[in-house]
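I have placed the structure first, in the form of structure tokens, so that the comments after it can refer back to it.
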Amino acid sequence: MFREFRKQVIEALSCEERFVRESDHADLAYTGAFKIAKERKEEKRSPQEVAEEILSNLALEIYDYIGSAEAVNGYINFNVSYEFLEDTIDLILDEDWNYGRLKLGGEALIEHTSANPDGPLHIGHIRNSIIGDTLARIFRKAGINVTTHYYVNDMGRQVALAVLGVRKYGLGDEKQEEKPDHAVAKAYIAINRDLEGDLSLDAEAERLMVEYEEGRGEVVEEFKRVVNAALEGITETLQMLNVEHDDYVWESQFIRNGYVDKVLKELEEKGLLVKDGAWKIDLSDLGYEKEVVVRRENGTTLYIARDIAYHLWKNQNFERSINVLGSDHKLYGRQLGDILKKLNLKPPEIVFFEFVSLPEGSMSTRRGKFISADELIQKVYEEAYEIIREREFSEKEKKEVAKAVAVGAIRYDFIKVAPEKPMVFDWKQALDFERQTASYIQYAHARACSIMRKAVEAGMPDLEFNPEICDEMERKLVVLLSKFSYIVERIVKELRPNVFADYVLDIAMTFNDFYKDHPVLKAESEYRMHRLAIVDATRVTLRNGLELLGIEPLEKM
RNA sequence: GGACCCGUAGCCUAGCAUGGAUAAGGCGGCAGCCUCCUAAGCUGCAGAUCGCGGGUUCAAAUCCCGCCGGGUCCGCCA
């Protein structure tokens with residue numbers, strides 16, 4: 001709805017979009033008068049005079065969603081009309097689960113997580129998963145046909161080492177109920193420790209990589225066993241976090257299906273390949289210091305060769321391709337993009353996120369220095385359970401609520417921070433629910449549910465929104481609710497999912513504000529029905545918002 | 001050495017893309033609010049040289065340059 005209002009304002013002004021912005025002083029504000037006043041300096045008119053003149057020439061009557069417009073301090077402040085407020089509430093209640101949906105169309109591939117299958121996900125990996133999954137949910141809401149991929153790096157040196165580790169140390173004690181990804185990590189960490197004193201292991205790993213790339217049967221089976229074990233545990237963790245991938249795409253498939261050969265041939269035909277033992281791509285024309293090696297002297301390919309092949313495939317199947325990557329891949333991402341351009345392929349859009357580090361320094365799977373996502377989930381769950389231990393819920397309900405609150409807290413804590421900001425993980429903060437978190441939003445939603453439930457129980461479920469009795473607080477809330485699809489659209493464009501987290505929190509805060517001094521069920525009927533409509537619309541919007549954040553909208557907590 | 005990202009109250013963050021009207025939340029601190037729709041809530045107070053220095057502009061947290069601090073990258077690793 002807000003999108004329509006904005007469209008009307010821009011159209012009325014027939015100005016560039018950038019001069020119309022959200023403001024504390026109005027629903028939308030026009031800032032163009034400053035510029036115009038400056039451009040016509042010789043006329044010696046203040047921005048305020050210019051704003052007034054522009055305003056007097058606007059034919060606002062034809063725009064049903066513009067309620068008022070006023071020139072103040074050089075700005076033109078626009079506020080929405082009664083009709084806008086009424087249509088917003090009607091639309092929300094009418095569309096319900098569909099509220100906020102757009103019909104942007106198109107196909108998009110979102111690749112995220114893609115952690116090496118050499119151990120469990122740690123708290124750095126899930127920053128990736130949560131950003132990727134939230135983007136996927138928001139893209140789907142925008143009406144884009146989304147496919148999500150986990151790109152499995154089964155051909156890397158790490159995996160070869162993990163295989164070696166499993167050969168030597170086995171894959172955990174079958175009787176112990178250890179998650180398989182943790183078992184892989186154990187073997188991987190152990191072999192890395194051995195590697196420090198035994199250089200022959202290096203050669204052994206290299207031999208293994210050659211054999212795997214050549215596709216030797218028994219080696220392939222061995223790799224599969226290890227990778228699948230890691231993936232099994234990883235998938236379980238992701239499920240806990242409400243993250244799901246449509247497909248797991250194994251890197252090796254691009255060797256097996258000939259895409260890598262096709263790409264290498266294409267590179268050669270375009271004269272991009274330098275062969276001197278190893279095969280390299282020279283990008284010095286673009287200012288790169290070093291050549292990019294795509295094939296080793298021993299004939300095996302490097303990660304980037306398979307990745308170019310993967311992106312060739314992405315180009316063939318999707319209009320838009322988005323990768324979520326750690327910022328350590330920035331140079332790599334640029335190289336990949338530039339090589340793809342040389343092949344007349346469209347580079348992926350990449351969302352880079354900065355590292356999650358521990359107070360004592362950065363994490364490392366290899367050295368066993370990390371906090372696993374499983375451990376985080378478990379501890380946050382226990383903390384959440386502690387809070388509701390004494391409540392009048394059944395044991396089953398308590399567990400469900402604790403899980404929803406824990407997962408929500410984790411997802412929200414990660415998604416609310418802009419991807420480009422480095423994070424330092426802090427247990428105290430992660431376990432603290434007395435702060436702005438998902439539970440605050442879930443709580444606001446549960447409150448709205450509770451009011452609606454009680455209204456039905458009391459036999460007065462009728463809703464009748466009346467814009468004319470809307471006070472400032474209510475108006476503010478309704479306008480905020482109207483922005484849902486506007487925010488969705490922004491995120492699809494800007495790839496900044498943290499903005500959505502902020503938006504949903506804003507609704508919860510505004511609703512709590514409204515709640516404290518707007519009795520609903522005890523108000524006389526006209527106001528009761530009016531406020532009940534607002535409460536229900538807020539409930540729907542919060543629920544849909546939580547859904548896009550992958551957080552369960554609890555009805556009781 | 002070169003490149004990229006970050007630097008906003010004691011702490012964590014929003015705002016920076018597209019400069020604009022009093023820099024916004026939370027935690028922690030202090031003082032309050034449950035005979036009233038869920039107190040996982042709400043109110044008030046204290047707390048900011050927006051890292052530092054220049055510049056552009058009528059206007060800079062936001063744009064440009066330099067510096068400082070933290071992180072990352074510059075592999076025939078992924």
Side-chain angles (χ1 to χ4, degrees), chain A residues 16-21 23-26 29 31 33-35 37-38 41 46-47 72-75 77 114-116 118 153 155-159 206 251 277-280 287-291 293-298 300-304 306-307 326-332 334 352-355 357 362 384 387-388 391 405 413 416-424 426 428-429 432-444 446-455 458 493-494 496 498-499 501-502 505-506 509 512-513 515-523 531 535 556-557:
Chain A
E16 288 175 57
E17 282 192 27
R18 67 194 175 95
F19 291 123
V20 172
R21 51 204 319 152
S23 157
D24 292 336
H25 306 268
T31 60
F34 293 95
K35 192 164 188 227
K38 189 185 143 199
K41 240 185 207 150
S46 69
V72 186
N73 299 334
Y75 300 85
N77 289 335
S114 303
N116 288 331
D118 54 18
N153 304 316
M155 302 195 70
R157 220 179 95 85
Q158 294 93 321
V159 176
E206 192 181 319
E251 213 184 305
W279 296 5
K280 307 168 186 174
Y288 290 91
E289 285 178 29
K290 292 179 179 170
E291 298 154 315
V293 179
V294 293
R295 209 182 97 136
R296 297 185 183 89
E297 214 158 338
N298 72 9
T300 56
T301 53
L302 281 102
Y303 179 78
I304 196 162
R306 280 103 62 177
D307 211 14
S327 64
D328 53 334
H329 286 67
K330 273 192 174 176
L331 175 62
Y332 172 82
R334 264 195 295 271
F352 289 107
F353 66 93
E354 287 291 330
F355 275 30
S357 56
S362 55
I387 293 172
I388 52 165
R391 309 237 168 138
V405 168
D413 271 357
K416 74 173 182 192
V417 180
E420 69 274 14
K421 306 269 187 180
M423 293 175 77
V424 178
D426 180 339
K428 189 166 160 279
Q429 267 179 47
D432 182 6
F433 292 94
E434 300 292 317
R435 43 191 274 276
Q436 57 182 174
T437 48
S439 61
Y440 180 91
I441 303 167
Q442 286 169 312
Y443 189 69
R447 263 184 167 164
C449 287
S450 171
I451 293 172
M452 296 314 295
R453 218 163 33 231
K454 293 225 158 91
K493 223 182 291 176
E494 302 167 14
R496 292 194 304 160
N498 57 302
V499 170
D502 237 6
L505 179 67
D506 203 7
M509 287 198 293
N512 274 334
D513 256 4
Y515 172 90
K516 77 169 187 292
D517 47 27
H518 288 70
V520 179
L521 300 176
K522 292 193 179 74
R531 288 176 184 166
V535 171
K556 286 181 184 174
M557 60 189 286

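Residue numbers begin at 1 in each chain, while the letters A, B, ... track the order of the sequences.
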ask   = Going by a 90° cut-off around 0, is C42(B) syn or anti?
value =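 It is anti.
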ask   = Less than 4.5 Å apart, any side-chain heavy atom of I388(A) and any of M557(A)?
value =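 Not in contact.
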ask   = Tell me, do E206(A) and N298(A) make a side-chain contact under 4.5 Å, heavy atoms counted?
value =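 They are in contact (side-chain heavy atoms under 4.5 Å apart), so the answer is yes.
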d([atom1], [X]; [atom2], [N]) in whole Å:
| X | N | atom1 | atom2 | answer |
| --- | --- | --- | --- | --- |
| E354(A) | C73(B) | CD | P | 10 Å |
| Q429(A) | C27(B) | CD | C1' | 8 Å |
| L505(A) | U13(B) | CG | P | 15 Å |
| N512(A) | U43(B) | CG | P | 9 Å |
| F19(A) | G19(B) | CZ | C1' | 11 Å |
| N498(A) | U13(B) | CG | P | 12 Å |
| N116(A) | A78(B) | CG | P | 9 Å |
| Q158(A) | G75(B) | CD | P | 16 Å |

query = Counting only heavy atoms not in K556(A), do more than 12 sit closer than 6.0 Å to its NZ atom?
reply =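 No, NZ of K556(A) has 12 or fewer neighbouring heavy atoms, counting only those of other groups under 6.0 Å.
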Atom CD of E494(A): over 12 foreign heavy atoms under 6.0 Å =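 Yes, CD of E494(A) has more than 12 neighbouring heavy atoms, counting only those of other groups under 6.0 Å.
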task = Output, in order, the C-alpha distance, side-chain angles, deciding distance and verdict of side-chain hydrogen bond (donor to acceptor under 3.5 Å, both in side chains) for R306(A) and N153(A).
result = CA-CA 10 Å; R306(A) 280 103 62 177; N153(A) 304 316; over 6 Å; no
So which nucleotide does [N] pair with, by the Watson-Crick or G-U wobble rule with both distances under 3.5 Å?
| N | result |
| --- | --- |
| C67(B) | G51(B) |
| A17(B) | none |
| U43(B) | A31(B) |
| U57(B) | none |

Base, sugar-phosphate, or nothing for [X], non-hydrogen atoms under 4.0 angstrom?
| X | value |
| --- | --- |
| V417(A) | sugar-phosphate |
| E291(A) | nothing |
| Y515(A) | base |
| S357(A) | nothing |
| E494(A) | base |
| R453(A) | nothing |
| Y288(A) | nothing |
| L331(A) | sugar-phosphate |
| K280(A) | nothing |
| K421(A) | base |
| A444(A) | nothing |

Go through the N and O atoms of the side chain of [X] and the base of [N], and report whether any donor-acceptor pair is under 3.5 Å.
| X | N | answer |
| --- | --- | --- |
| T31(A) | A21(B) | no |
| H25(A) | U22(B) | yes |
| E420(A) | C5(B) | no |
| R447(A) | A40(B) | no |

ask   = Side chain of R296(A), backbone of L302(A): donor and acceptor closer than 3.5 Å?
value =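 Judged by distance alone, no pair lies under 3.5 Å.
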request  = For N77(A) and for D517(A), locate the closest nucleotide of RNA chain B by heavy-atom distance; then report the residue assigned to the nucleotide nearer the 5' terminus.
outcome  =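 Nearer the 5' end of the strand: N77(A).
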inquiry  = If you assign I304(A) and E17(A) each to the RNA chain B nucleotide with the nearest heavy atom, which residue ends up on the more 5' nucleotide?
reply    =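 The residue mapped nearer the 5' terminus is E17(A).
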request  = Ignoring the backbone of S439(A), work out which of C6(B), A40(B), G15(B) is nearest its side chain.
outcome  =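 Of all the options, the side chain of S439(A) is nearest to A40(B).
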